[in-house]
Amino acid sequence: MRTAAVLPLDPSMPLCRVLAAASGCESCGAWIQSPAVAARLIATAPGTLRGSVLLLHRDLGVLIRRVPLVVVCFQGSVAAVPSRVLALGRMLEIVTRAGDRPSVTRLGDRSPELVLAERRAAGDVVRASRIRYELAITRAVRRR
């Protein structure tokens, strides 16, 4: 099965592209690459998310927990992805020795803190970690 990385939207992305990708959804989010973005917009323009809420955030985990659909960058396109699908693609990369490639653990419903605690309890010294998102290339993703 082929997979591809899920990335945040560039902050210079026109809002109309984000709204177009999320059309038809009453409540959705947009993962924005920015050090300090957290905003809630009510879209009421004709032909967009009429009367719906768009949550902009830099933390994809927050969006997955709060909205059913998230607009992200997937395979170089703006895509609306169901939160449950994004949650399945959550992985934790862990580096235990300098110079080593990271090991990858699928998180599923587990928190990254729990996985790191388990590794430490097993005697591993965790030097670095990061969460990444990867999806199988399927029809569950609406690209625009």
Side-chain angles (χ1 to χ4, degrees), residues 1-120 124 126-144:
M1 175 181 357
R2 289 186 17 208
T3 62
V6 176
L7 301 170
L9 299 169
D10 187 295
S12 66
M13 171 78 57
L15 188 56
C16 62
R17 286 193 60 199
V18 176
L19 293 173
S23 65
C25 184
E26 291 181 16
S27 177
C28 70
W31 186 26
I32 304 292
Q33 177 184 351
S34 175
V37 166
R40 185 174 153 249
L41 303 174
I42 307 288
T44 56
T48 63
L49 296 168
R50 189 164 183 80
S52 297
V53 176
L54 174 65
L55 178 63
L56 304 175
H57 212 285
R58 64 186 173 105
D59 185 336
L60 184 53
V62 167
L63 292 170
I64 287 171
R65 290 186 297 276
R66 291 191 180 170
V67 295
L69 190 74
V70 181
V71 180
V72 297
C73 183
F74 182 66
Q75 292 189 297
S77 299
V78 176
V81 183
S83 293
R84 60 181 161 45
V85 173
L86 287 168
L88 293 173
R90 250 177 70 188
M91 293 180 268
L92 181 65
E93 292 182 350
I94 301 171
V95 176
T96 55
R97 287 186 292 212
D100 280 359
R101 298 190 88 172
S103 64
V104 178
T105 303
R106 286 204 176 273
L107 289 172
D109 292 335
R110 298 182 301 165
S111 73
E113 293 81 9
L114 175 65
V115 173
L116 290 171
E118 290 169 353
R119 294 289 296 265
R120 288 187 183 113
D124 290 337
V126 176
R127 304 231 183 263
S129 66
R130 78 178 184 119
I131 295 174
R132 79 172 195 222
Y133 292 83
E134 212 171 81
L135 295 178
I137 300 170
T138 68
R139 294 177 192 243
V141 177
R142 295 185 333 202
R143 286 181 232 162
R144 299 271 175 158

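The residues of the chain are indexed from 1 along the displayed sequence. Just so you know, these numbers use all the heavy atoms, side chains as well, and skip hydrogens, waters and symmetry mates.
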Derivation of the side-chain contact (heavy atoms from CB on, under 4.5 Å) call for Val115 and Ile94:
CA-CA 10 Å; Val115 173; Ile94 301 171; 4.1 Å; yes
If you compare all heavy atoms of Gly89 against all heavy atoms of Arg106, which two are closest, and at what distance to 0.1 Å?
CA-NH1, 4.1 Å
What's the separation between atom CE in Met91 and atom CZ in Arg130, rounded to the nearest 0.5 Å?
9.5 Å
One should read off an interatomic distance between Leu60 CG and Ile131 CD1, to the nearest 0.5 angstrom, of 9.0 Å
Could you pull out the closest heavy-atom pair between Ala21 and Val78, with the gap in Å?
CB-CG1, 3.6 Å
Can you tell me if Trp31 uses its side chain to pair, donor with acceptor, with the backbone of His57 under 3.5 Å?
no
Any donor-acceptor pair under 3.5 Å linking the side-chain atoms of Ser129 with those of Arg119?
no
Output yes when a side-chain donor or acceptor of Ser83 lies under 3.5 Å from a complementary backbone atom of Val67, and no otherwise.
yes
Donor-acceptor list for residues 7-15 side chains, cut-off 3.5 Å, not counting sequence neighbours:
| unit_1 | atom_1 | unit_2 | atom_2 | d |
| --- | --- | --- | --- | --- |
| Asp10 | OD1 | Ser12 | N | 2.7 |
| Asp10 | OD1 | Ser12 | OG | 2.6 |

Any donor and acceptor pair, going by atom type alone, linking the side chain of Arg90 with main-chain N or O of Arg110 inside 3.5 Å?
yes
Side chain proximity check, Val104 to Glu93, heavy atoms < 4.5 angstrom:
yes
Minimal heavy-atom distance between Leu86 and Ile64, with the atoms involved, is CB-CD1, 3.7 Å
side-chain contact (heavy atoms from CB on, under 4.5 Å) against Arg66, all qualifying residues, sequence neighbours excluded
Leu55, Val62
Closest heavy-atom contact between Ser27 and Pro68?
O-CD, 3.2 Å
On a heavy-atom basis, which atom in Phe74 and which in Ala79 lie closest, and how many Å separate them?
CB-CB, 4.0 Å
Over all atoms of both residues, closest heavy-atom pair of Pro112 and Leu92
O-CD2, 3.9 Å
Rounded to the nearest 0.5 Å, the OG1 atom of Thr96 sits from the CZ atom of Arg101 at a distance of 13.5 Å
Output for pair (Leu54 CG, Leu19 CG), nearest 0.5 Å, gives 6.0 Å
